[in-house]
Novice: 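I'd like to ask some things about the structure below.
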Protein chains: 2
Amino acid sequence: MTRIVEPEAGPRSKRAAILTAAVDCFGEAGYEATKWSTVAERVGIGQTALYHYFESKTHCLLTIMRLELERSHDRFVEATKDVEDPVEALRTAVRAAYDVSPHEVLQMRILQNHMDLLSGTRRSKREEAERVAARQLVQVVERDWTNLLVKGMSQGSFPLRDAQLLGSSVLGLIVSVWRWYRPSGPTPLSEISELIEGACVRMVAS
Amino acid sequence: MTRIVEPEAGPRSKRAAILTAAVDCFGEAGYEATKWSTVAERVGIGQTALYHYFESKTHCLLTIMRLELERSHDRFVEATKDVEDPVEALRTAVRAAYDVSPHEVLQMRILQNHMDLLSGTRRSKREEAERVAARQLVQVVERDWTNLLVKGMSQGSFPLRDAQLLGSSVLGLIVSVWRWYRPSGPTPLSEISELIEGACVRMVAS
DNA sequence: AACTGAATTGAACTTAACTCAGGTTGATCT
DNA sequence: AGATCAACCTGAGTTAAGTTCAATTCAGTT
């Protein structure tokens with residue numbers, strides 16, 4: 001469990017700007033469809049300057065994914081920390097999952113579209129470090145949801161079922177939205193949130 | 001709605017062999033991680049021979065995705081065609097979705113991992129044709145599930161809800177499995193199938 | 001045997017990610 | 001203020017993988 005230390009930002013570091021630009025590009029055009037040099041342009045630097053901050057295009061992608069996973073986990077913990085009733089906790093967690101900015105929507109999309117990157121090991125050190133960290137965070141987030149279910153089951157609020165499998169399924173249901181949802185689309189996120197919230201409760205509690 | 005005509009197989013065509021090899025490679029190592037030339041090797045031809053059958057690596061990928069979508073649709077129709085009761089139809093459809101061979105598991109994985117390809121338009125003719133066909137098939141499959149829900153709702157078997165959104169969600173739940181499921185893993189597909197079947201019924205019918 | 005179109009190939013081309021050796025900037029210290 | 005040094009940046013060149021192309025082989029047909 002080696003933690004990744006965020007490189008402390010020198011005063012003229014463009015790391016944050018690169019991440020922001022990359023999220024916009026990768027999220028809208030897709031990772032493969034966007035040229036690494038385009039990200040550089042958007043930030044206002046030469047393409048080779050990118051390598052001062054990231055070892056590779058993939059390293060940047062993995063970093064975005066890890067950051068998004070950290071965010072998801074933190075948000076889950078923050079939202080559910082003092083909700084006692086399991087059903088309410090579940091509802092709160094679902095609502096929190098959809099309480100996101102447009103930029104975060106892009107990050108979720110990127111994360112979902114490239115989960116498969118977390119399977120195979122990477123060649124370079126820093127890439128592999130990010131990959132492993134992200135992989136672990138996936139498990140952490142899965143455990144967040146599974147624990148919620150376990151608690152509810154042991155309290156008798158939820159019928160007893162395979163909490164592991166059901167947890168993954170609930171999570172899968174929730175994040176599946178990010179594959180098709182577009183802020184510009186016909187369905188507002190609030191409506192989606194409500195429907196999924198109900199669906200999750202029925203899935204788990206009835 | 002231009003249908004794609006499957007190129008009729010000349011007696012010594014290697015198209016099928018290429019598709020099989022590509023599914024194995026893309027499914028196990030990942031699309032980007034596998035070199036196009038590796039597929040050629042596995043089939044036993046030079047890399048340039050691939051271009052006699054597919055315009056590009058992406059064209060091959062899109063073809064795999066379209067074929068898998070056609071299969072999913074056909075299987076859904078076949079499985080549910082003479083099941084009257086909506087709840088039974090739903091159960092049957094879910095079971096059919098998980099009644100797949102290991103090779104089909106790979107195809108589903110590939111499909112799910114590259115859905116984002118279907119968003120942006122492609123440069124070349126044949127690629128774009130496959131993309132549009134696949135895109136349409138996604139909608140067809142979504143309609144399959146949505147129609148099932150609509151029927152159940154109008155018959156009073158399911159409570160009235162946004163069938164469109166609920167249909168996408170059910171489908172999203174079902175296919176989310178292919179992102180993590182491995183035949184070699186600890187959980188047998190039968191167990192997954194049963195849990196998801198129950199979850200879908202509760203989601204929709206209660 | 002000549003013909004035809006499908007199937008195949010080696011060599012060359014293209015593109016985008018990446019490397020490298022060196023140059024610039026600006027925060028900090030004396 | 002001037003020196004220093006690490007952070008930051010760049011242009012030129014390399015590499016790897018996908019792709020193109022002109023030429024060739026092969027199998028079946030007339």
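Letters go in sequence order (proteins before strands), and every chain restarts at 1. Atoms considered below: every heavy atom in the structure, side chains included; atoms not considered: hydrogens, waters and symmetry mates.
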Novice: Does a side-chain N or O from A:His52 land closer than 4.0 Å to OP1 or OP2 of D:dC8, or not?
Specialist: yes
Novice: What distance do A:Thr146 atom OG1 and A:Lys151 atom NZ have between them, rounded to the nearest 0.5 Å?
Specialist: 12.5 Å
Novice: Rounded off to whole Å, could you give me the CZ-to-P distance for the A:Arg123 and C:dA17 pair?
Specialist: 18 Å
Novice: Whole Å only: how far is the CD1 atom of A:Ile45 from the P atom of D:dG11?
Specialist: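 Atom-to-atom, A:Ile45 to D:dG11, this comes out as 12 Å.
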Novice: Could you tell me the separation between the CZ atom of A:Phe54 and the P atom of C:dA17, rounded to a whole number of Å?
Specialist: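 Going from CZ in A:Phe54 over to P in C:dA17 covers 15 Å.
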Novice: Roughly how many Å is it from OH in B:Tyr51 to P in C:dC13, rounded to a whole number?
Specialist: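 Atom OH in B:Tyr51 sits about 17 Å away from atom P in C:dC13.
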Novice: Taking B:Glu127 first and then B:Arg123, would you say they form a salt bridge - that is, a charged N and a carboxylate O separated by under 4.0 Å?
Specialist: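 Salt bridge: no.
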Novice: What is the distance, rounded to the nearest whole Å, between atom NZ of B:Lys57 and atom C1' of D:dA16?
Specialist: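 Distance check: B:Lys57 NZ to D:dA16 C1' gives 12 Å.
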Novice: Decide yes or no for A:Glu32 and B:Tyr31: does some side-chain heavy atom of the first lie under 4.5 Å from some side-chain heavy atom of the second?
Specialist: yes
Novice: For D:dA7 and A:Lys14 - does any side-chain N or O of the residue sit under 4.0 Å from the phosphate oxygens OP1/OP2?
Specialist: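 No, no such contact exists.
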Novice: As an exercise, state the distance from CG of B:Asp162 to OG1 of A:Thr187, rounded to the nearest 0.5 Å.
Specialist: 7.0 Å
Novice: Please report, rounded to the nearest Å, how far the P atom of C:dC18 is from the CD atom of A:Glu55.
Specialist: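 To the nearest whole Å, that distance equals 9 Å.
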Novice: State, with a plain yes or no, whether a side-chain heavy atom of B:Trp145 is found less than 4.5 Å away from one of B:Leu149.
Specialist: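 The answer is no, as the side chains (C-beta and beyond) never meet within the 4.5 Å cut-off.
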Novice: Determine to 10° how strongly the helix from C:dA1-D:dT30 to C:dT30-D:dA1 is bent, judged from the axes of its five-pair ends.
Specialist: 0°
Novice: Could you check B:Thr58 against B:Arg12 and say which one's nearest nucleotide on DNA chain D is further toward the 5' end?
Specialist: B:Thr58
Novice: Can you tell me if B:Tyr53 touches the phosphate of C:dT8, counting only side-chain N or O atoms and a distance under 4.0 Å to OP1 or OP2?
Specialist: yes
Novice: Work out which heavy atom in B:Leu165 is nearest to a heavy atom in A:Glu191; give both atom names and the distance.
Specialist: CD2-OE2, 4.1 Å
Novice: Considering only side-chain heavy atoms of B:Thr48, which listed nucleotide, C:dT19, D:dT19, C:dG10, is closest?
Specialist: C:dG10
Novice: Could you check whether B:Thr63 and B:Glu130, counting side-chain N and O atoms only, form a donor-acceptor pair closer than 3.5 Å?
Specialist: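 Yes, because at least one side-chain N or O of B:Glu130 sits under 3.5 Å from a partner of the opposite role on B:Thr63.
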Novice: Any luck finding a side-chain donor-acceptor pair between A:Ser124 and A:Glu55 under 3.5 Å?
Specialist: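 Per modelled atom types, A:Ser124 and A:Glu55 side chains form a pair under 3.5 Å.
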Novice: Which pairs with one or both residues in residues 164-189 of chain A pass ring pair (Phe, Tyr, Trp, His ring centres under 6.0 Å), sequence neighbours excluded?
Specialist: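 Counting only pairs at least two positions apart or across chains, the ring pair (Phe, Tyr, Trp, His ring centres under 6.0 Å) contacts touching residues 164-189 of chain A are A:Tyr98-A:Trp178.
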Novice: What is the distance from CD of A:Gln47 to C1' of C:dT19, rounded to the nearest Å?
Specialist: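 Computing the A:Gln47:CD to C:dT19:C1' distance gives 12 Å.
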Novice: CZ of B:Arg15 versus P of C:dA7: gap in Å, rounded?
Specialist: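 In whole Å, C:dA7 P lies 11 Å from B:Arg15 CZ.
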Novice: With a 4.0 Å heavy-atom cut-off, tell me which residues in residues 21-44 of chain A come close to DNA chain C, sorted by residue number.
Specialist: A:Thr34, A:Lys35, A:Trp36, A:Ser37
Novice: Looking only at side-chain atoms of B:Ala49, point me to the closest of D:dG18, C:dC18, C:dT8.
Specialist: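 Nucleotide nearest to B:Ala49's side chain: C:dT8.
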